[in-house]
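Presented below is the structure to which this report refers.
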Amino acid sequence: RKEVEQDPGPFNVPEGATVAFNCTYSNSASQSFFWYRQDCRKEPKLLMSVYSSGNEDGRFTAQLNRASQYISLLIRDSKLSDSATYLCVVNGGGGSYIPTFGRGTSLIVHP
Amino acid sequence: EAQVTQNPRYLITVTGKKLTVTCSQNMNHEYMSWYRQDPGLGLRQIYYSMNVEVTDKGDVPEGYKVSRKEKRNFPLILESPSPNQTSLYFCASSPWLAGDQETQYFGPGTRLLVL
């Protein structure tokens, strides 16, 4: 059973659209959460950390729902350059030092 | 410039020929790790290290070895590569704060093809 689940997509949206991704995790002891962005054949890069109170960085908003064990990423006013795969990462917690990556959600923003 | 470097970036080899992929970081991070990424399977951790001389298995350690003799370097060793180890490999490092791992910084990746 995969511990971190993401809808693989692709999400195909026009420029300017708002799009949201969810990621569910199974380990209730998990302590830290991140969204990474990965462009084709490149290394993942941190997009945002996800805090309990939620956080916003420009057009991007990340939220954590511990009760339902999911995190979300909202992208407003999508740009062509937002096209990428978005990876959800959950750090184990409870003594586990192995971060778990979701398989990623593919976003395609078209003109 | 703060970075994680990997070498080689591309490698074609044959079954059974030992190889080493190097990884180096200049950020003085305690935590380093190796991942492989395969289509449909996402990133899976091979080994990690929480500090010098401290290494442990990740999710898919079979067929791999690592060492951490210096803080900055964390080489990945394939003693006898097999075709199922054909993959895209990433090295990553991160600070280790308050008992938890922080943001990971990834190297540019190594594409390995084992014939």
Side-chain angles (χ1 to χ4, degrees), chain A residues 1-10 21 23-52 55 57 60 62 64 71 84-106, chain B residues 2-6 9-10 21 23 25 27 29-51 54-61 68 87-113:
Chain A
R1 182 171 66 91
K2 185 67 177 174
E3 297 177 11
V4 176
E5 298 272 5
Q6 291 183 254
D7 181 343
F21 311 135
C23 166
T24 60
Y25 62 94
S26 60
N27 185 351
S28 59
S30 299
Q31 297 192 9
S32 50
F33 309 86
F34 305 90
W35 283 103
Y36 282 74
R37 170 192 169 127
Q38 186 175 25
D39 294 296
C40 187
R41 298 175 180 270
K42 297 287 186 68
E43 72 274 24
K45 292 184 178 178
L46 179 71
L47 179 66
M48 303 178 75
S49 301
V50 187
Y51 305 122
S52 296
N55 48 308
D57 182 3
F60 299 85
L64 167 64
I71 65 174
T85 297
Y86 291 84
L87 305 173
C88 165
V89 183
V90 176
N91 280 356
S96 169
Y97 304 117
I98 300 176
T100 302
F101 283 74
R103 295 178 188 182
T105 296
S106 175
Chain B
Q3 60 183 348
V4 179
T5 57
Q6 293 179 229
R9 295 287 314 280
Y10 305 90
V21 185
C23 173
Q25 52 95 4
M27 296 169 279
H29 287 164
E30 294 80 13
Y31 188 101
M32 296 186 73
S33 58
W34 276 102
Y35 296 87
R36 62 178 289 173
Q37 188 172 35
D38 303 287
L41 296 177
L43 276 158
R44 294 178 293 168
Q45 193 179 58
I46 302 170
Y47 268 94
Y48 66 94
S49 169
M50 285 169 32
N51 216 323
V54 181
T55 64
D56 209 344
K57 296 177 181 179
D59 290 323
V60 289
R68 188 92 181 271
S87 188
L88 175 58
Y89 291 86
F90 289 106
C91 179
S93 74
S94 67
W96 185 263
L97 300 172
D100 198 7
Q101 181 191 76
E102 295 295 315
T103 306
Q104 293 193 76
Y105 297 82
F106 285 82
T110 295
R111 291 197 171 273
L112 173 65
L113 172 61

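Per chain, numbering begins at 1; letters A, B, ... match sequence-line order.
- Counting heavy-atom pairs closer than 4.5 Å to chain A, the top-ranked of the candidates G109(B), G42(B), G107(B) is G107(B).
- A donor-acceptor pair under 3.5 Å is absent between the side-chain atoms of Y105(B) and the main chain of M27(B), judged by distance alone.
- Side chains of S87(B) and D38(B): a donor on one and an acceptor on the other come within 3.5 Å.
- For chain B, the option among K45(A), K42(A), Q38(A) with the highest count of heavy-atom pairs below 4.5 Å is Q38(A).
- A donor-acceptor contact shorter than 3.5 Å is absent between the side chain of T105(A) and the backbone of G9(A).
- E3(A) places no side-chain N or O within donor-acceptor distance of the main-chain N or O of N27(A), the cut-off being under 3.5 Å.
- Proximity to chain B is absent for every atom of Q6(A), based on heavy atoms less than 4.5 angstrom apart.
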